[in-house]
Number of protein chains: 2
Amino acid sequence: MNVRDAAARSGLPAKTIRYYDDIGLVVPDRRANGYRDYNDQTVQKLAFLKRARQLGFSIDNCRQLLSLYEDKGRASGDVKSLAEKHLIEVDKRLEELQQLRATLSHLVHSCRGDDRPDCPILADLSKD
Amino acid sequence: MNVRDAAARSGLPAKTIRYYDDIGLVVPDRRANGYRDYNDQTVQKLAFLKRARQLGFSIDNCRQLLSLYEDKGRASGDVKSLAEKHLIEVDKRLEELQQLRATLSHLVHSCRGDDRPDCPILADLSKD
DNA sequence: TATAAAACTTCCAGTAACTGGCAGGTCAAG
DNA sequence: CTTGACCTGCCAGTTACTGGAAGTTTTATA
């Protein structure tokens, strides 16, 4: 199966699939003409990656998840541990973003937003 | 004032300050020996940038904010408009992250995380 | 069968916002 | 007068792709 079809089936752009080949994440067979040749298994891995990336796992984490995915004797604890670490980071980012949002929202509401130059937003940004 | 002192006063790393000079964001005077020479005004701008970056404004937005900051005849509405746009993007990102967190958390809790290989997390990642 | 279109290949550059590191020049202190 | 701290510019690396160019191969149509 050519890269275009693998893209259609996995939901990833062809360009991304080639990139995953370049970095050794999902390496397809090659035909005599040099074209990449994907099969059910490699397409499955691509779909796996798409979902894992959507969940915010880094490429590096995806690499580990993928190797666990392929290891039929894995311990589910290893997978859970990876996911938990990721969850903690997501929570951290969420808190930061919520804090940021609160400050920003406060600033926006404090500014009249008219034609006059005095602006609490700029005042806050320039405060020590 | 040398870049080191400007760093100490603004709270930004010296490297970042040089970078801001490179991209024309805050351009200091130069001494005869070629050293950057910061004054109260440029340090003030650096501090402004630090705060704006902390609030998640992009460098590009910072450039606009900075020019509004310097424009004593500005309309506060222009500042508010920028901030509002940014707030909308933050809200979007927050929603995405919350959705992601919910899914991830659900997956984590569904996995026993023991020595056995069967794992709902991997099962979910590989589902169509 | 000729040819044009589409799809494939590799490689290079660009994105955002820095950060690290190197070679070399400068300056203050002992 | 030397040592060490600081400065300079410049190039590379980071993350995870994405766009584009140049060249080859396959496929579809006339």
Side-chain angles (χ1 to χ4, degrees), chain A residues 1-39 42-43 45-66 86 89-90 93 96-97 100, chain B residues 1-39 42-43 45-66 86 89-90 93 96-97 100:
Chain A
M1 179 189 334
N2 280 347
V3 71
R4 217 72 171 187
D5 300 316
R9 292 216 205 166
S10 66
L12 288 171
K15 202 81 183 173
T16 300
I17 295 178
R18 288 196 197 96
Y19 172 69
Y20 287 167
D21 179 10
D22 287 348
I23 63 173
L25 203 50
V26 178
V27 180
D29 293 336
R30 293 282 183 152
R31 297 192 210 203
N33 60 13
Y35 284 22
R36 290 173 180 81
D37 191 7
Y38 291 87
N39 55 34
T42 40
V43 165
K45 285 197 214 171
L46 291 173
F48 179 97
L49 280 173
K50 189 194 175 193
R51 181 102 176 98
R53 293 286 300 127
Q54 276 175 351
L55 285 176
F57 286 99
S58 69
I59 290 290
D60 207 55
N61 279 348
C62 284
R63 215 181 280 273
Q64 299 172 56
L65 286 171
L66 212 48
H86 180 42
E89 281 179 23
V90 168
R93 181 76 190 120
E96 287 169 5
L97 216 49
L100 187 161
Chain B
M1 178 190 333
N2 280 347
V3 71
R4 218 72 172 185
D5 300 315
R9 293 215 204 166
S10 66
L12 288 172
K15 202 79 183 175
T16 301
I17 294 178
R18 287 195 198 98
Y19 172 70
Y20 287 166
D21 179 11
D22 287 348
I23 63 172
L25 203 50
V26 178
V27 180
D29 293 336
R30 293 283 183 151
R31 298 192 210 201
N33 59 12
Y35 284 21
R36 290 174 181 80
D37 191 7
Y38 291 86
N39 54 34
T42 40
V43 165
K45 284 197 215 173
L46 290 173
F48 179 97
L49 280 173
K50 190 194 175 194
R51 181 101 175 101
R53 293 287 300 127
Q54 275 176 352
L55 286 176
F57 286 99
S58 69
I59 290 290
D60 207 54
N61 280 348
C62 284
R63 214 181 279 273
Q64 298 173 57
L65 286 172
L66 213 49
H86 180 42
E89 281 179 24
V90 169
R93 181 78 190 117
E96 288 170 4
L97 215 50
L100 187 159

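A, B, ... follow the sequence lines: proteins, then strands. Residue 1 opens every chain.
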Requested in this report: Please identify each residue that fulfils side chain to side chain contact (heavy atoms under 4.5 Å, CB included) with B/Asp60, with sequence neighbours left out.
Outcome: B/Ser58, B/Gln64
Would you find a donor on one side and an acceptor on the other, under 3.5 Å apart, between the side chain of [X] and the backbone of [Y]?
| X | Y | value |
| --- | --- | --- |
| A/His86 | A/Asn61 | no |
| A/Asn2 | A/Asp5 | no |
| B/Asp37 | B/Met1 | yes |

Query raised in the report: Nucleotide range of DNA chain D contacted by chain B, 5' to 3', under 4.0 Å to a heavy atom?
Result: D/dC6 to D/dC10
Requested in this report: Treat primed atoms plus P, OP1 and OP2 as sugar-phosphate and everything else as base, then score nucleotides 10-24 of chain C 5' to 3': B for base contact with protein heavy atoms under 4.0 Å, S for sugar-phosphate contact only, - for none.
Outcome: BB-----BBBBB---
Query raised in the report: Would one find more than 12 heavy atoms of other residues, nucleotides or ligands at under 6.0 Å from atom CZ of B/Arg53?
Result: yes
Provide, to the nearest angstrom, the distance between the [atom1] atom belonging to [X] and the [atom2] atom belonging to [N].
| X | N | atom1 | atom2 | value |
| --- | --- | --- | --- | --- |
| B/Asn2 | C/dT26 | CG | C1' | 11 Å |
| A/Asp37 | C/dC8 | CG | P | 12 Å |
| B/Asp5 | C/dC27 | CG | P | 15 Å |

Requested in this report: Could I get the full list of side-chain hydrogen bond (donor to acceptor under 3.5 Å, both in side chains) partners for A/Glu96, not counting sequence neighbours?
Outcome: A/Arg93
Report task. Under the side-chain hydrogen bond (donor to acceptor under 3.5 Å, both in side chains) rule, collect the residues that match up with A/Thr16, sequence neighbours excluded. Result -> none
Query raised in the report: Sequence neighbours excluded, which residues qualify as ring-ring contact (aromatic ring centres under 6.0 Å, His included) partners of A/Tyr19?
Result: none
